[in-house]
Visitor: 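Take a look at this one; I'll ask things after.
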Amino acid sequence: MPELPEVETVRRGLVPAMEGRRIEAVRLARPDLRFPFPDGFARCLTGARVTRLDRRAKYLLARLDTGQTLLMHLGMSGRFSISAGADAGARPGAFVYAPPADPRHDHVVFEIEDGIEVTYNDPRRFGFMTVFATAGEDDQPFLKSLGPEPDSNRFSGPYLSEAFAGRRSPVKAGLLDQSVVAGLGNIYVCEALWRARISPRRLCASVAGARAERLAAAVRAVIAEAITAGGSTLRDYAGADGAMGYFQHSFDVYGREGQPCACGKTRIRRILQANRSSFYCPVCQR
DNA sequence: CTTGGGTCCTGTGCGC
DNA sequence: TGCGCACAGGACCCAA
């Protein structure tokens with residue numbers, strides 16, 4: 001489900017419910033999501049206070065006052081919802097209920113102080129959670145090989161040129177590679193390539209110089225705009241506060257096969273690359 | 001090392 | 001209406 005803008009939207013929705021508060025209990029409805037929960041998962045979270053809720057790439061990172069970090073990934077269909085119990089009167093109206101989700105797929109419930117419940121629902125169970133020592137973050141398997149965030153100073157045209165040098169895979173695959181740039185998924189790769197007027201089939205190695213500069217700028221812009229819009233809402237995605245993102249109304253190519261490109265010269269085409277859909281304009285993008 | 005393909009899982013929407 | 005198939009926002013893992 002979520003790419004960087006959606007995860008960032010979820011993070012912002014969870015901050016008021018979790019940051020600064022203690023986790024009183026963790027209820028697991030099953031022993032695993034995509035992977036088994038690590039031994040003692042619920043036990044080591046119980047009683048911990050969330051000092052800060054961060055995001056890296058598509059990962060949510062809850063910093064705990066125990067020196068550990070709770071890592072959460074939403075996979076394809078993961079979502080959080082927040083409910084405030086009757087004794088959360090300290091902040092009436094501060095939390096709203098997310099749209100209904102099938103309770104059969106409520107896999108994790110965090111009981112937070114002040115009567116707040118944060119529920120993780122994930123029909124496909126591609127998501128996962130784990131806990132690691134914050135001090136060892138540089139060695140954390142899920143985080144250690146991530147590339148720069150799109151909005152960081154490290155991410156630039158020259159950086160992309162170097163990262164793509166010698167790569168024979170299509171640029172579509174290059175941008176999906178989380179070690180090149182962190183947080184992009186199928187939607188925003190398609191959109192960024194359209195904005196940069198680069199075909200998804202072009203080989204990475206030929207994206208350099210001015211092309212790489214255009215592409216880096218397009219990635220930065222599309223991610224920033226999508227975050228401002230609260231992400232994209234497809235099917236059932238919603239932010240943790242129940243609000244729907246609206247960036248999907250700004251798609252230029254994604255999901256628009258057969259519809260006219262903004263250039264007016266032809267229609268958007270869909271091809272399969274590595275068994276995933278790529279949407280692009282064969283006239284605009286070369 | 002890079003690259004491509006299969007895999008996990010459930011739900012939805014389409015054509016027949 | 002029912003059924004089967006294609007497809008879905010991710011990313012690990014392994015073979016070549």
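What you see is a predicted model; the values in this text were computed from it and never measured. The chains referred to below are lettered A, B, ... by the order of the sequence lines, with proteins before strands, and numbering in each begins at 1.
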Visitor: Test of understanding: with side chain to side chain contact (heavy atoms under 4.5 Å, CB included), list the residues that count as partners of A/Thr228, not counting sequence neighbours.
Guide: none

Visitor: Check for me whether the distance between the ring centres of A/Phe128 and A/Phe142 falls short of 6.0 Å.
Guide: yes

Visitor: Specify the separation, in whole Å, of atom CZ of A/Arg167 and atom P of B/dC1.
Guide: 13 Å

Visitor: Is it true that atom CZ of A/Arg43 has more than 12 heavy atoms of other residues, nucleotides or ligands lying nearer than 6.0 Å?
Guide: no

Visitor: How many whole angstroms separate atom CG of A/Leu272 from atom P of C/dA8?
Guide: 7 Å

Visitor: Rounding to an integer number of Å, can you tell me how far A/Ile187 CD1 sits from C/dA11 P?
Guide: 13 Å

Visitor: Detail all sub-3.5 Å separations between protein N/O atoms and N/O atoms belonging to nucleotides 13-16 of chain C.
Guide:
none

Visitor: How many whole angstroms separate atom CG of A/Leu60 from atom P of C/dG10?
Guide: 15 Å

Visitor: Indicate whether OP1 or OP2 belonging to C/dG10 is found under 4.0 Å from a side-chain N or O atom of A/Lys58.
Guide: yes

Visitor: Give one of base, sugar-phosphate or nothing for A/Phe128, where a contact means two heavy atoms less than 4.0 Å apart.
Guide: nothing

Visitor: Figure out the CE/P separation between A/Met76 and C/dA6, and round it to whole Å.
Guide: 17 Å

Visitor: Ignoring backbone atoms, establish whether A/Tyr254 has a side-chain N or O less than 4.0 Å from OP1 or OP2 of C/dG9.
Guide: yes

Visitor: Between protein and nucleotides 4-10 of chain B, map the contacts as a letter string: B base, S sugar-phosphate only, - none, heavy atoms under 4.0 Å, written 5' to 3'.
Guide: S-S-BBB

Visitor: Looking at A/Asp138 and A/Lys144, is there a salt bridge between them, counting it only when a charged N and a carboxylate O are closer than 4.0 Å?
Guide: no

Visitor: Could you check whether any side-chain N or O of A/Asp122 sits under 3.5 Å from a backbone N or O of A/Leu33, counting only pairs where one atom can act as donor and the other as acceptor?
Guide: no

Visitor: If the P atom of C/dC7 is compared with that of B/dG5, how far apart are they to the nearest Å?
Guide: 15 Å

Visitor: Under 4.0 Å between a side-chain N/O of A/Ser77 and OP1 or OP2 of C/dA8, yes or no?
Guide: no

Visitor: Within the 4.5 Å heavy-atom criterion, are A/Arg49 and A/Leu64 side-chain neighbours or not?
Guide: no

Visitor: Distance check needed: C/dG10 P versus A/Lys172 NZ, whole Å only.
Guide: 9 Å

Visitor: A/Leu33 has an atom CG; how far is it from atom C1' of C/dG10, in whole Å?
Guide: 14 Å

Visitor: Expressed in whole Å, how much space separates the P atoms belonging to B/dC9 and C/dC3?
Guide: 24 Å

Visitor: Under the side chain to side chain contact (heavy atoms under 4.5 Å, CB included) test, which residues partner A/Ser278, sequence neighbours left out?
Guide: A/Lys172, A/Pro200, A/Ile271, A/Gln273

Visitor: Nearest 0.5 Å please: distance from the OG1 atom of A/Thr46 over to the CD atom of A/Glu111.
Guide: 9.0 Å

Visitor: Go through the steps for A/Gln140 and A/Tyr59 under the test side-chain hydrogen bond (donor to acceptor under 3.5 Å, both in side chains), then give the verdict.
Guide: CA-CA 12 Å; A/Gln140 218 294 324; A/Tyr59 298 97; over 6 Å; no

Visitor: In dot-bracket form, how is DNA chain C paired, counting a Watson-Crick or G-U wobble pair only if both its distances are under 3.5 Å and using | for bases paired to another strand?
Guide: .|||||||.|||||||

Visitor: Counting side-chain heavy atoms from CB outward, which of C/dC12, C/dA8, C/dA11 is closest to A/Phe142?
Guide: C/dC12

Visitor: Determine whether A/Leu70 and A/Phe110 make a side-chain contact, defined as any pair of heavy atoms from C-beta on separated by less than 4.5 Å.
Guide: yes

Visitor: List in chain and number order the residues that pass side chain to side chain contact (heavy atoms under 4.5 Å, CB included) with A/Arg154, two or more places apart in sequence or in another chain; answer none if no residue qualifies.
Guide: A/Pro148, A/Ser152

Visitor: Nearest whole Å is fine: how far is C/dC7 P from A/Asn186 CG?
Guide: 13 Å

Visitor: Do A/Glu19 and A/Arg63 meet the salt-bridge criterion of a basic N to acidic O distance under 4.0 Å?
Guide: no

